[in-house]
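Structure first, then comments.
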Amino acid sequence: QTPWKLVIHGGAGVIERERISKEQDSDIRAALTRALDAGSKVLAGGGEAIDAVEAAVKVLEDDPHFNAGKGAVYTYEGKNELDAAIMRGDTRAAGAVAGINGTRNPIEAARAVMEKSPHVMLIGEGANIFSREQGLTQVTPDYYETPERKRQLEELKANKLSWFDVDMKYG
Amino acid sequence: TVGAVALDAKGHVAAATSTGGVTGKRWGRVGDAPIIGAGTYADDRACAVSATGAGEYFIRAGVAHEICARMRLKGESAKAAADAVIADVGQLGGTGGVIVVSPKGETIYSFNTPGMYRGMASADGKSVGIYGDE
């Protein structure tokens with residue numbers, strides 16, 4: 001047997017100690033740990049890598065500290081447009097969605113594209129329809145909202161900053 | 001952006017990435033996360049990669065596939081390949097990072113930003129980090 005491994009990320013950018021409170025630091029580390037635990041549980045039980053990465057990403061999508069799922073950033077129009085992709089190394093099967101909203105966990109939609117369609121990428125309203133047809137959990141637009149993301153959009157609009165200036169935690 | 005890469009007990013790798021994009025995006029902008037080969041890629045012959053960063057630069061560099069291709073065709077380690085490709089992104093003017101796992105069991109981070117939210121686990125234990133010096 002191969003020793004199993006799992007690596008996760010929750011975004012990169014100008015992340016400095018003086019810009020993150022102790023509470024935020026603690027919450028973020030706890031969320032990362034939960035994501036590792038979710039993926040590790042799959043792998044330690046002999047499960048597949050594809051199931052482990054989906055499980056880990058879903059934890060991070062559900063946590064408002066990260067720019068994915070709940071807590072995703074706003075478009076200029078004040079909406080959330082979510083993107084996700086998944087790929088397995090044994091068959092190189094892959095699935096992706098772009099510009100979707102309404103699906104609670106976009107990574108589930110990407111996996112459904114990979115496994116339940118002959119395609120690799122679906123976008124926009126078509127991808128939303130596909131997600132609903134696959135029976136994936138749907139949410140209303142307010143599910144994704146967080147006060148911090150609203151503040152960031154307002155700051156961008158008020159200061160006419162470039163896209164990359166507001167938060168510098170990329171996606 | 002969030003992501004994960006894994007190696008299972010059967011020696012197979014996988015990658016997943018999910019994002020909201022960038023604040024204030026317009027015109028249906030899409031970054032690298034859902035672009036297979038840019039922000040996400042997995043190939044048992046080389047590695048699995050998930051990226052986070054300034055998406056347009058990662059698309060132009062074909063980051064995830066490029067890392068796997070360097071490992072498969074040049075025989076580079078995961079660390080060498082990832083560092084080289086992230087350096088290339090930097091040359092283009094982009095910033096961000098990647099996580100990589102290989103079928104050999106290599107697990108690495110590579111980023112050119114001050115920090116990256118990240119974590120790593122195996123049967124031996126787990127660790128998380130935020131800042132660049134951790």
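All figures in this text were calculated on a predicted structure; none of them were measured in a lab. Throughout, protein chains are lettered first and strands after them, A, B, ... in sequence-line order, and every chain is numbered starting at 1.
Only the backbone of B:Val100 comes within less than 4.5 Å of a heavy atom of chain A; no side-chain atom from C-beta onward does. Both the backbone and the side chain of A:Leu82 come within contact range of chain B, each with at least one heavy atom under 4.5 Å from a heavy atom of that chain. With a 4.5 angstrom heavy-atom cutoff, B:Tyr41 touches chain A via backbone and side-chain atoms both. The parts of B:Val5 that come within reach of chain A are both its backbone and its side chain, each placing non-hydrogen atoms under 4.5 angstrom from that chain. For A:Leu32, the parts lying near chain B are the backbone and the side chain together; criterion is any non-hydrogen pair under 4.5 Å. Heavy atoms of B:Ala123 lying under 4.5 Å from chain A belong to its backbone as well as its side chain. Residue B:Ala46: no heavy atom, backbone or side chain, is found under 4.5 Å from chain A. Of the two parts of B:Asn112, neither the backbone nor the side chain holds a non-hydrogen atom closer than 4.5 Å to a non-hydrogen atom of chain A. Both the backbone and the side chain of A:Thr75 have a heavy atom closer than 4.5 Å to some heavy atom of chain B. Neither the backbone nor the side chain of A:Ala44 has a heavy atom closer than 4.5 Å to any heavy atom of chain B.
With hydrogens and angles disregarded, a donor-acceptor distance shorter than 3.5 Å links the side chain of B:Thr40 to the backbone of B:Ala33. Using modelled atom types, one side-chain atom of B:Glu106 and one backbone atom of B:Ala78 make a donor-acceptor pair closer than 3.5 Å.
Ranked by heavy-atom pairs shorter than 4.5 Å toward chain B, the options A:Gln1, A:Glu81, A:Arg92, A:Met121 are led by A:Arg92. Heavy-atom pairs under 4.5 Å with chain A peak, among B:Val101, B:Asp133, B:Val98, B:Ile130, at B:Ile130. Top candidate by heavy-atom pairs under 4.5 Å with chain B, chosen from A:Arg17, A:His9, A:Met87, is A:His9. Between chain B and the options A:Ala72, A:Ala68, A:Ala94, A:Ala55, the largest number of non-hydrogen pairs under 4.5 Å is found for A:Ala68. Between chain B and the residues A:Asp90, A:Thr91, A:Leu60, the largest count of heavy-atom pairs under 4.5 Å involves A:Asp90. Of the listed residues (B:Thr107, B:Ile108, B:Val2), the greatest number of heavy-atom pairs within a distance under 4.5 Å of chain A belongs to B:Val2. Among the candidates B:Arg118, B:Lys104, B:Met120, the residue making the largest number of heavy-atom pairs closer than 4.5 Å to chain A is B:Met120. Of the listed residues B:Ser127, B:Pro103, B:Ser50, B:Gly28, the one with more heavy-atom pairs under 4.5 angstrom with chain A than any other is B:Ser50. Looking only at heavy-atom pairs under 4.5 Å with chain A, the residue among B:Pro34, B:Gly105, B:Gly132 that has the most is B:Pro34.
Taking a cutoff of 4.0 Å between a charged side-chain nitrogen and a carboxylate oxygen, B:Arg29 and B:Glu56 qualify as a salt bridge. Salt bridge A:Arg104/A:Asp62: present, at least one basic N to carboxylate O contact under 4.0 Å. A salt bridge is absent between B:Asp8 and B:Lys10; no separation between the charged side-chain nitrogens and carboxylate oxygens falls under 4.0 Å. Under a 4.0 Å N-O distance rule, the pair A:Lys58/A:Glu61 does not qualify as a salt bridge. A:Lys41 has no carboxylate O lying under 4.0 Å from a charged side-chain N of A:Asp37, or vice versa, which leaves the two without a salt bridge. A:Arg151 and A:Glu155 are joined by a salt bridge, as a carboxylate oxygen and a charged side-chain nitrogen come within less than 4.0 angstrom of each other.
For the pair A:Val97 and A:Pro106, the tightest heavy-atom approach, listed with the atom from each and the gap, is CG2-O, 3.9 Å. Between A:Lys70 and A:Glu145, the shortest heavy-atom contact is NZ-O, 4.2 Å.
A:Asn128 and A:Glu125 share a donor-acceptor pair across their side chains, judged by distance under 3.5 Å alone.
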Quiz prompt | From CA spacing to verdict: salt bridge (charged side-chain N to carboxylate O under 4.0 Å, His left out), A:Glu108, A:Arg111 | solution = CA-CA 5 Å; A:Glu108 288 185 346; A:Arg111 184 160 182 176; over 6 Å; no

